[in-house]
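Only a predicted model underlies this, so the values are computations on that prediction, with no experimental measurement involved.
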Amino acid sequence: MAKSSIRATSSGLLSFREAPAILAALRKLDTEADAIICDGHGLAHPRGFGLACHLGVICDLAAIGCAKSRLVGEHRAPGIARGARTPLHHRGRRVGTVLRTRDDVRPVYVSVGHRIDLAEAATLVLRCTTRYRLPEPTRLADALVSRLARSAA
DNA sequence: GCGACAG
DNA sequence: ATCTTGTCGC
């Protein structure tokens with residue numbers, strides 16, 4: 001698909017593409033989830049309601065957005081050390097935290113999804129990133145998907 | 001009006 | 001996201 005046409009107009013609609021599959025997967029879990037760490041944004045969104053918000057409200061669970069890149073907002077560069085952070089603002093509002101999860105790696109964009117505040121969200125992300133840039137749950141999911149994609153070929 | 005734009 | 005080449009570090 002051309003990167004310019006449909007992709008451009010569908011920006012900010014990640015929820016509508018991925019939420020159905022994610023919800024189906026959550027229903028298959030043997031154990032009940034306590035919180036959801038999303039590979040995408042929460043409040044740091046064009047309409048203030050990203051994937052993490054959708055999933056949190058629908059599942060009535062704590063949810064946080066932990067995106068690999070910026071969608072909206074402005075910020076300064078956080079310090080170079082793990083744990084360093086800087087606020088993300090959009091339209092005069094604090095919508096997230098740009099957090100360095102490892103020394104000298106690109107920071108992640110943390111934002112509130114549902115039933116959790118920004119400080120707690122950042123803390124949880126840090127607790128899940130003792131070893132890699134992205135939260136362990138996200139890494140495990142990515143690894144599983146690429147493994148399945150490989151075996152499907 | 002044009003470009004930017006989570007994964 | 002997906003693909004691909006090249007480099008870096010444990």
Side-chain angles (χ1 to χ4, degrees), chain A residues 1-26 28 33 35-59 61-78 80-82 85-118 120-122 124-126 128-153:
Chain A
M1 186 74 70
K3 189 172 189 175
S4 51
S5 57
I6 295 181
R7 288 289 294 283
T9 57
S10 62
S11 173
L13 301 181
L14 181 67
S15 302
F16 296 85
R17 280 179 272 139
E18 305 203 342
I22 294 172
L23 292 171
L26 283 172
K28 286 186 174 181
I36 306 174
I37 298 180
C38 299
D39 192 357
H41 295 281
L43 297 181
H45 180 272
R47 287 165 293 286
F49 209 80
L51 177 63
C53 300
H54 284 264
L55 295 177
V57 169
I58 292 173
C59 300
L61 283 172
I64 77 179
C66 182
K68 297 186 288 296
S69 65
R70 184 193 67 85
L71 178 57
V72 297
E74 310 79 44
H75 67 86
R76 293 176 328 199
I80 204 65
R82 163 177 159 82
R85 67 199 68 188
T86 187
L88 175 67
H89 288 99
H90 183 52
R91 296 174 180 171
R93 283 283 198 170
R94 170 95 188 253
V95 296
T97 293
V98 184
L99 177 68
R100 194 87 64 179
T101 55
R102 299 290 297 161
D103 291 358
D104 207 14
V105 298
R106 279 187 302 145
V108 296
Y109 295 75
V110 178
S111 61
V112 167
H114 192 57
R115 293 199 165 191
I116 189 169
D117 63 43
L118 197 49
E120 280 185 85
L124 183 53
V125 168
L126 273 181
C128 294
T129 52
T130 345
R131 200 169 162 67
Y132 299 97
R133 178 171 87 109
L134 299 180
E136 204 57 27
T138 302
R139 290 192 69 260
L140 290 171
D142 281 345
L144 178 58
V145 169
S146 59
R147 196 158 60 77
L148 291 175
R150 188 175 303 279
S151 63

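If you check the side chains of A:R82 and A:T129, you find a donor sitting under 3.5 Å from an acceptor.
Between A:T97 and A:V125, the closest side-chain pair of non-hydrogen atoms is not below 4.5 Å.
In this structure, A:L61 and A:A33 approach most closely via the heavy-atom pair CD2-O, 3.3 Å. When every heavy atom of A:R100 is checked against every heavy atom of A:R106, the shortest pair comes out as NH1-CA, 4.2 Å. Of all non-hydrogen atoms in A:S111 and A:G42, the two that sit nearest each other are OG-N, 2.7 Å. Residues A:R131 and A:R102 come closest through the heavy atom pair O-NE, 3.3 Å. A:V112 and A:D117 make their closest contact through CG2-C, 3.9 Å (heavy atoms, listed as atom of the first residue, atom of the second, distance). The nearest pair of heavy atoms linking A:Y132 to A:T101 is O-OG1, 4.2 Å.
Note: CZ (A:F16) to P (B:dA6) measures 16 Å, nearest angstrom. Between the CG atom of A:L134 and the P atom of B:dA6 there is a distance of 15 Å, rounded to whole Å. If you take CG of A:L71 and C1' of B:dA6, they are 5 Å apart, rounded to a whole angstrom. Here the C1' atom of nucleotide B:dA6 and the CD atom of A:E18 are 9 Å apart, to the nearest Å. Spacing between atom CZ of A:F49 and atom P of B:dA6 amounts to 19 Å, rounded to whole angstrom units. Residue A:D142 contributes atom CG, which lies 13 Å from atom C1' of C:dT2 at whole-angstrom precision. Atom P of nucleotide B:dA6 and atom NZ of A:K68 are separated by 10 Å, given to the nearest angstrom. Protein atom CZ of A:R106 is 12 Å distant from nucleotide atom P of B:dA6, rounded to whole Å.
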Reading DNA chain C 5' to 3', how would its secondary structure be written in dot-bracket notation, given Watson-Crick and G-U pairs with both distances under 3.5 Å, brackets [ ] for crossing pairs and | for partners on other strands?
..........
Using Watson-Crick and G-U wobble pairs with both distances under 3.5 Å, what is the 5'-to-3' dot-bracket string of DNA chain B, with [ ] for crossing pairs and | for pairs outside the strand?
.......
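Nearest nucleotide to the A:R70 side chain, out of C:dA1, B:dC5, B:dA6: B:dC5.
Here the options are A:S15, A:C38, A:C59, the test is side-chain contact (heavy atoms from CB on, under 4.5 Å), and the partner is A:H54; only A:S15 passes.
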